[in-house]
Amino acid sequence: MENSKSRGNGCVRIFFSLAGCLTGLIIFVSTLYIGLRAAAAYLIVADELVPVKAIVVLSGGTEPRMREALRLYEEGYGSIIILTETGGTLGDSDQLYSFDIRIQLMSNGVPSGNIIITEMQVSSTIDEAHAVRETLTNQQFPSAIIVTDPYHTRRTRMVFREAFADSPIEIYIRPAGSSWYNSRTWFLSAQGWQFTTLEYIKLIGYQLGFND
C-alpha cells in the first residue's frame, strides 16, 4: 500500500514538474516573440496619408517602393513621382537604374513629364534627403510623400525631418505596402535578421552623428 502511494506521489510530482516546464517554455517563447515583433515594429512608422504634390521613391528595394508609389499616384495622392539618382547601372550595361525605373513607371501609365529624377547623385539616406529637398525647392513643390521599405521608415523620418527642419515643405513618410518585411514574420528568414540588424546599426550610427 505504501509503495503504491509513493509511486502515485512520484507521478504527481513528475506531472507538475513537466507542467511547470511547459508553462515556462510557453512564457519564454511568447516573450521572445513579443520582443522580436516589437523590435521590428519600432522601425516601422507611417504618417497620415494626405494628398501632396510629389511622391518620392527612395533608392534601394526598388520594386515594392515603386509599386507603392504607383498605387499612391493612381489613387490621386500625388501627381509627380520623384526618383533619387544613385548613378548605379544595370549589370554590365551603361543603363542607369533610375532610367529603368522611369521606363517601368511609364509602362504603368505615368507620363514622362510627371517623372523627375534628382540632379544630385546620392549614396545614403542623408544624401537623398538633401537631393529631395533641392528638387522640391527648385520645383516649388509644397509637399511630398516619401516611400521606402518598412524597416527603413523610422530612420528616414529622422533624417528627412532634420533636413527639412527649416523648410516650409511638408514631408510624410510611407512604408511600401507590398514589401516582404513584416513585423510578425521577419525573424523567420536570414534576410529579415540581416536587414533588421543592419538597420539598427545604421539607426544608432545616425543618432551618434555618423552618416549612413
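- Remark: E85 CD to S123 OG distance equals 12.0 Å, nearest 0.5 Å.
- Residues Y42 and F195 fall within the same hydrophobic cluster, defined by Ile, Leu, Val, Met, Phe, Trp and Tyr side chains chained together at heavy-atom separations under 4.5 Å.
- Nearest heavy atoms, T118 versus T84: OG1-CA, 3.5 Å.
- In this structure, N114 CG and S79 OG are separated by 6.5 Å, a value rounded to the nearest 0.5 Å.
- Residues that satisfy the side-chain hydrogen bond (donor to acceptor under 3.5 Å, both in side chains) test with Y172, not counting sequence neighbours, are E170.
- Here the side chains of I82 and I55 are not in contact, with every heavy-atom distance at 4.5 Å or above.
- Remark: the backbone N or O of A163 is paired with a side-chain donor or acceptor of R133 at under 3.5 angstrom.
- For the pair I101/I103, no side-chain contact is recorded, criterion being any heavy-atom separation below 4.5 Å from C-beta on.
- The shortest non-hydrogen separation linking R65 to Y151 is NH2-OH, 4.2 Å.
- Summarising the geometry, atom CD1 belonging to I145 is positioned 10.5 Å from atom CD1 belonging to I81; distances are rounded to the nearest 0.5 Å.
- Contact annotation: the side chain of L58 approaches that of H152 to within less than 4.5 Å [non-hydrogen atoms, C-beta and beyond].
- A donor atom on one side chain and an acceptor atom on the other are not found under 3.5 Å apart for N138 and E134.
- Counting heavy atoms from C-beta outward, E68 and P175 have side chains that stay 4.5 Å or more apart.
- Minimum heavy-atom separation, V57 to A69: CG2-CB, 3.4 Å.
- Side-chain atoms of I146 and T156, non-hydrogen and from C-beta on, do get closer than 4.5 Å to each other.
- Here R71 does not pair with E74 in a salt bridge; the nearest charged N to carboxylate O distance is not below 4.0 Å.
- Taking every heavy atom of both residues into account, L136 and A144 meet most closely at CD1-CB, 3.8 Å.
- When hydrophobic clusters are built by joining Ile, Leu, Val, Met, Phe, Trp and Tyr residues whose side-chain heavy atoms come closer than 4.5 Å, directly or via intermediates, V122 is not grouped with I173.
- Residues L49 and V52 share a hydrophobic cluster, clusters being chains of Ile/Leu/Val/Met/Phe/Trp/Tyr side chains in contact below 4.5 Å.
- Taking CZ from R154 and OH from Y206, the interatomic distance works out to 13.0 Å, rounded to the nearest 0.5 Å.
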Return a table of donor-acceptor pairs under 3.5 angstrom between the side chains of residues 184-193 and protein atoms on other chains or two or more places apart.
residue : atom : partner : partner atom : Å
W186    : NE1  : L36     : O            : 2.9
S189    : OG   : G192    : N            : 3.0
W193    : NE1  : F187    : O            : 2.9

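- L198 and M158 fall into different hydrophobic clusters, defined by Ile, Leu, Val, Met, Phe, Trp and Tyr side-chain heavy atoms under 4.5 Å apart, directly or through other members.
- Counting all heavy atoms, side chain and backbone alike, T86 lies closest to Q121 at O-OE1, 3.9 Å.
- Considering only heavy atoms from C-beta on, L43 comes within 4.5 Å of L203 through its side chain.
- Listed by first then second residue, pairs satisfying ring pair (Phe, Tyr, Trp, His ring centres under 6.0 Å) with a partner in residues 115-144 number zero, not counting sequence neighbours.
- A donor-acceptor pair is defined here as one N or O able to donate and one able to accept, closer than 3.5 Å; such a pair exists between the side chain of S107 and the backbone of Q104.
- Contact record, P111 with G109: CD-O, 3.4 Å, taken as the closest heavy-atom pair.
- Annotation: salt bridge (Lys or Arg N to Asp or Glu O under 4.0 Å) contacts involving residues 187-201, sequence neighbours excluded, comprise R155-E199.
- Counting heavy atoms from C-beta outward, F160 and I171 have side chains that approach closer than 4.5 Å.
- Using modelled atom types, one finds a donor on one side chain and an acceptor on the other under 3.5 Å when comparing T196 with Y181.
- In this structure Y73 satisfies the ring-ring contact (aromatic ring centres under 6.0 Å, His included) test with no other residue, sequence neighbours excluded.
- Within the structure, the salt bridge (Lys or Arg N to Asp or Glu O under 4.0 Å) test picks out the following pairs touching residues 34-59 (sequence neighbours left out): D47-R157.
- Atoms CG and OG, on D149 and S179 in that order, are 4.5 Å from each other to the nearest 0.5 Å.
- Counting heavy atoms from C-beta outward, I44 and S183 have side chains that approach closer than 4.5 Å.
- In this structure, I115 is a member of the same hydrophobic cluster as L72, with clusters built from ILVMFWY side-chain heavy atoms closer than 4.5 Å.
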